[in-house]
Trainee: 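Below are the structure tokens for one structure; questions will follow.
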Amino acid sequence: MIQAPRGTRDVLPAESYRWQFLEDKMRKAAALAGYREVRTPVFEHTELFLRGVGDTTDIVQKEMYTFKDKGDRSITLKPEGTAGAARCFLESNLYADALPCKMYYLDAPIFRYENPQSGRLREHHQFGLECFGAKEATADAELILLAFHLLEELGIKNLSVRINSIGCPKCRPAYHQTLKDYLAGRIDQLCDSCKERFERNPLRALDCKEKRCQELTKDAPSMLDLLCDECRDHFEALKSCLDGAGIPYSVDSRIVRGLDYYTKTVFELVTATKDGNLTVCGGGRYDNLVEQIGGPSLPAVGFGMGLERVLMLLDSEGIVLPRPNQYDIFITYMGQNRGAAFRTVQDLRAQGIKADMDHCGRSLKAQFKYANKTGAPLSGTIGDDEAAQNALKIKNMATGEEKTVPAAEAPGVIRNMIG
RNA sequence: GUGGGUAUAGCGUAGUUGGUUAACGCGCCAGAUUGUGGCUCUGGAGAGCGUGGGUUCGAGUCCCACUACUCACCCCA
């Protein structure tokens with residue numbers, strides 16, 4: 001039997017309403033802040049990610065779905081959303097228009113060849129916002145607030161915002177060296193993976209989960225102490241925006257994101273679950289990305305939010321989303337009245353009423369049983385009597401109350417009953 | 001890439017020290033004097049026990065391999 005590929009998930013008809021509900025909230029939140037939707041291809045030239053995300057990152061080195069197409073081009077399924085948006089922004093010369101250029105993408109499939117586990121899939125979906133051409137910290141802040149309020153409005157509790165600044169090409173190299181000098185004397189005591197990445201990316205030791213490494217790096221020099229004036233001012237401005245907005249946040253100098261394009265601000269929205277912390281949203285500033293992929297030097301900031309993770313949190317916090325009825329009314333029929341039932345269903349649908357009937361040749365009793373199962377609030381029966389008077393016998397499935405109404409009045413009565 | 005756990009009908013499970021035609025609940029279908037669901041009762045369909053080997057007179061029950069699922073590391077949404 002053929003199964004869905006490892007690390008993928010079907011969204012079944014009975015649960016798609018949860019996605020739609022979320023998507024609706026996300027679109028509204030984005031629109032409220034002037035972000036408009038962009039849709040970019042699911043695959044891009046591999047080169048884009050090599051240059052954008054960074055060819056030393058784990059994502060690029062071992063997690064991309066890369067293949068040759070029939071024209072011998074190297075193609076990669078999007079391993080993240082920002083590079084594609086930046087490419088689109090650049091290719092369509094949107095930087096020539098009034099800036100900033102604000103865009104969002106929704107339900108964009110993201111592919112990473114990872115070992116699946118709780119909250120981690122090989123194909124997942126993100127809601128992402130990108131703001132191109134805005135250098136001020138208010139842009140960083142509005143994104144953090146938008147993400148925070150969106151999740152808060154959905155009812156997610158225990159939400160914490162963590163921010164950090166990882167500097168810019170002017171001040172980061174110096175910090176890199178300072179940290180390496182600090183770790184060099186203790187390298188023997190670091191865990192194996194931290195030893196391995198010491199040369200390539202020593203910053204990783206800062207958010208290592210090993211107790212030993214956490215101990216060893218507790219007093220390590222912080223990037224925040226070595227920021228250049230520009231980066232420090234930016235970070236201070238961001239904090240004051242967040243202070244003013246009154247949302248709880250913490251500065252966590254250990255946040256290091258896994259994509260090379262970040263500069264200055266990085267942030268995460270984390271929730272505490274029974275199995276530990278789960279990051280639902282991550283983002284930051286990427287002032288060099290556009291230039292890196294061949295465009296003008298142009299500041300930008302954005303974030304990605306994992307749809308599956310948001311849904312997971314809603315689940316684990318017991319938040320129930322409103323489930324729409326599959327039907328407003330289910331039409332049952334007897335004997336030779338199947339044709340009349342069919343016409344009635346079509347007429348009701350034309351009136352904007354969600355209606356259906358039996359298509360399986362069931363007995364009247366079984367039709368009611370089925371109607372009940374679908375959760376239809378009303379049923380409408382057509383037997384010989386009703387057919388003779390061109391009427392419909394409408395029943396409230398919850399109370400059992402029935403009344404026969406002329407066909408012409410049915411839509412109005414139904415609307416009234418479902419209020 | 002590394003390590004742990006699990007694999008029995010659509011779903012959730014039971015299967016005792018290996019031994020007749022694999023059990024139960026839910027769900028599904030059909031009935032309970034024929035124009036009506038939700039409760040109850042009765043009956044029915046549906047798995048040969050992840051796949052492939054092996055041990056044995058005999059394996060869902062033991063051994064091996066593979067695969068899938070799952071959790072964790074790594075990394076990240």
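What you see is a predicted model; the values in this text were computed from it and never measured. Computed from heavy atoms alone, side chains included, the values below leave out hydrogens, waters and symmetry copies.
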Trainee: Closer than 4.0 angstrom, basic N to acidic O: yes or no for A:K25 and A:E23?
Mentor: no
Trainee: Is there, by distance only and without an angle test, a donor paired with an acceptor across the side chain of A:K373 and the base of B:G37 below 3.5 Å?
Mentor: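 Donor-acceptor pair under 3.5 Å: no.
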Trainee: Could you tell me whether A:D328 and A:R415 have a side-chain N and a carboxylate O separated by less than 4.0 Å?
Mentor: no
Trainee: Need one value for A:G335: base, sugar-phosphate or nothing, where a base atom within 4.0 Å counts as base even if backbone is also close, heavy atoms only.
Mentor: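 Counting heavy atoms under 4.0 Å across all strands, no contact is made by A:G335.
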Trainee: Answer yes or no: is there an ion pair linking A:R122 with A:E114, defined by an N-O contact shorter than 4.0 Å?
Mentor: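 No, no charged N to carboxylate O under 4.0 Å.
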Trainee: Take atom P in B:A45 and the same atom in B:C69, then report the distance between them in whole Å.
Mentor: 34 Å
Trainee: Going through the checks in order, is the ring-ring contact (aromatic ring centres under 6.0 Å, His included) test met by A:F132 and A:Y95?
Mentor: CA-CA 8 Å; A:F132 293 97; A:Y95 56 85; over 10 Å; no
Trainee: Students often get this wrong, so: under 4.0 angstrom with heavy atoms, is A:R122 touching a base, only sugar-phosphate, or nothing?
Mentor: nothing
Trainee: Going by modelled atom types, is there a donor-acceptor pair between the base of B:G38 and the side chain of A:N372 at under 3.5 Å?
Mentor: no
Trainee: Assign each of A:G7 and A:D385 to its nearest nucleotide of RNA chain B by heavy atoms, then name whichever residue's nucleotide is nearer the 5' end.
Mentor: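 Counting from the 5' end, the first nearest nucleotide belongs to A:D385.
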Trainee: Donor-acceptor pair under 3.5 Å: do we get one between A:K395's side chain and the base of B:U36?
Mentor: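 Yes.
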Trainee: Contacts to RNA chain B from residues 305-328 of chain A, heavy-atom cutoff under 4.0 Å, which residues?
Mentor: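 The answer is A:G306, A:R309.
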Trainee: Charged N to carboxylate O under 4.0 angstrom, A:E317 versus A:K157?
Mentor: no
Trainee: Given the P atoms of B:G52 and B:G60, what is the spacing between them in whole Å?
Mentor: 13 Å
Trainee: Under a 4.0 Å threshold between the charged nitrogen and the carboxylate oxygen, would A:R18 count as salt-bridged to A:D315?
Mentor: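 Answer for the salt bridge query: yes.
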Trainee: Can you tell me the Watson-Crick or wobble partner of B:G37, both distances under 3.5 angstrom?
Mentor: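 Pair assignment: B:G37 / none.
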Trainee: For the aromatic rings, using the six-membered ring if either is Trp, is the centroid distance between A:Y261 and A:Y286 under 6.0 Å?
Mentor: yes
Trainee: B:U70 and B:G53: how far apart are their C1' atoms, nearest whole angstrom?
Mentor: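 To the nearest whole Å, 26 Å.
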Trainee: When the P atoms of B:C63 and B:U6 are considered, how many whole Å apart are they?
Mentor: 12 Å
Trainee: Give the residues of residues 374-382 of chain A touching RNA chain B, defined as any heavy atom closer than 4.0 Å, sorted by residue number.
Mentor: A:T381
Trainee: Would you indicate what A:G400 reaches in the nucleic acid, counting non-hydrogen atoms under 4.0 angstrom: base, sugar-phosphate, or nothing?
Mentor: base
Trainee: Side chains of A:D140 and A:T265: is there a donor and an acceptor less than 3.5 Å apart?
Mentor: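 Indeed, the side chains of A:D140 and A:T265 share at least one donor-acceptor pair under 3.5 Å.
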Trainee: Considering only the P atoms, how many Å lie between B:U2 and B:G12, rounded to the nearest integer?
Mentor: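 So the two P atoms sit 29 Å from each other.
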Trainee: Which base sits across from B:U6 as a Watson-Crick or G-U pair, both distances under 3.5 Å?
Mentor: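 Pair assignment: B:U6 / B:A68.
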Trainee: Apply side chain to side chain contact (heavy atoms under 4.5 Å, CB included) to residues A:L150 and A:M26 and explain how you reach the verdict.
Mentor: CA-CA 7 Å; A:L150 172 63; A:M26 288 171 165; 3.7 Å; yes
Trainee: I'd like to know if the side chain of A:Y175 reaches the main chain of A:P221, judged simply by a donor and an acceptor atom lying under 3.5 Å from each other, with no hydrogens or angles considered.
Mentor: yes
Trainee: Given A:M305 and A:Q126, is the side chain to side chain contact (heavy atoms under 4.5 Å, CB included) satisfied, shown in steps?
Mentor: CA-CA 5 Å; A:M305 186 181 286; A:Q126 286 190 16; over 6 Å; no
Trainee: Report yes or no: is there a donor-acceptor pair, N or O only, under 3.5 Å between the side chain of A:E402 and the base of B:U36?
Mentor: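 Answer yes: a donor N or O sits under 3.5 Å from an acceptor.
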Trainee: For nucleotides B:U33 and B:U42, find the distance between their C1' atoms and express it as a whole number of Å.
Mentor: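 About 16 Å, rounded to a whole number of Å.
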Trainee: Under 4.0 angstrom, heavy atoms only, what part of the nucleic acid is A:E386 near: base, sugar-phosphate, or nothing?
Mentor: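 Touches a base.
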Trainee: Going by an N to O cut-off under 4.0 Å, is there a salt bridge joining A:D24 and A:K28?
Mentor: yes
Trainee: A:K403 side chain to A:K393 main-chain N or O, any donor-acceptor pair under 3.5 Å?
Mentor: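 No.
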Trainee: Can you tell me, in whole Å, how much space there is between the P of B:G31 and that of B:G48?
Mentor: 28 Å
Trainee: Which base sits across from B:G46 as a Watson-Crick or G-U pair, both distances under 3.5 Å?
Mentor: none
Trainee: Could you give the CD-to-P distance, from A:Q61 to B:G1, as a whole number of Å?
Mentor: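 Distance check: A:Q61 CD to B:G1 P gives 15 Å.
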Trainee: Any carboxylate oxygen within less than 4.0 angstrom of a Lys/Arg side-chain nitrogen, looking at A:D287 and A:K135?
Mentor: no
Trainee: What form does the base of B:G27 take, syn (within 90° of 0) or anti?
Mentor: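 Glycosidic conformation of B:G27: anti.
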Trainee: With a 3.5 Å cut-off and heavy atoms only, can you find an N or O donor on one side and an acceptor on the other between the side chain of A:K393 and the base of B:U36?
Mentor: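 Pair found.
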Trainee: Give a yes/no answer on whether the side chain of A:K365 brings an N or O atom under 4.0 Å of OP1 or OP2 in B:G37.
Mentor: yes
Trainee: Does B:C69 have its OP1 or OP2 closer than 4.0 Å to a side-chain nitrogen or oxygen of A:R6?
Mentor: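 Yes, A:R6 has a side-chain N/O under 4.0 Å of OP1/OP2 on B:C69.
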Trainee: If you measure from the C1' atom in B:G50 to the same atom in B:U67, how many Å do you get, rounded?
Mentor: 8 Å
Trainee: Please confirm whether the shortest side-chain N or O distance from A:R9 to OP1 or OP2 of B:U70 is below 4.0 Å.
Mentor: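 It does, given that an N or O in the side chain of A:R9 lies less than 4.0 Å from OP1 or OP2 of B:U70.
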Trainee: Let's see if you get this right: which residues in residues 107-118 of chain A place a heavy atom under 4.0 Å from RNA chain B?
Mentor: A:R112, A:E114, A:N115, A:Q117, A:S118
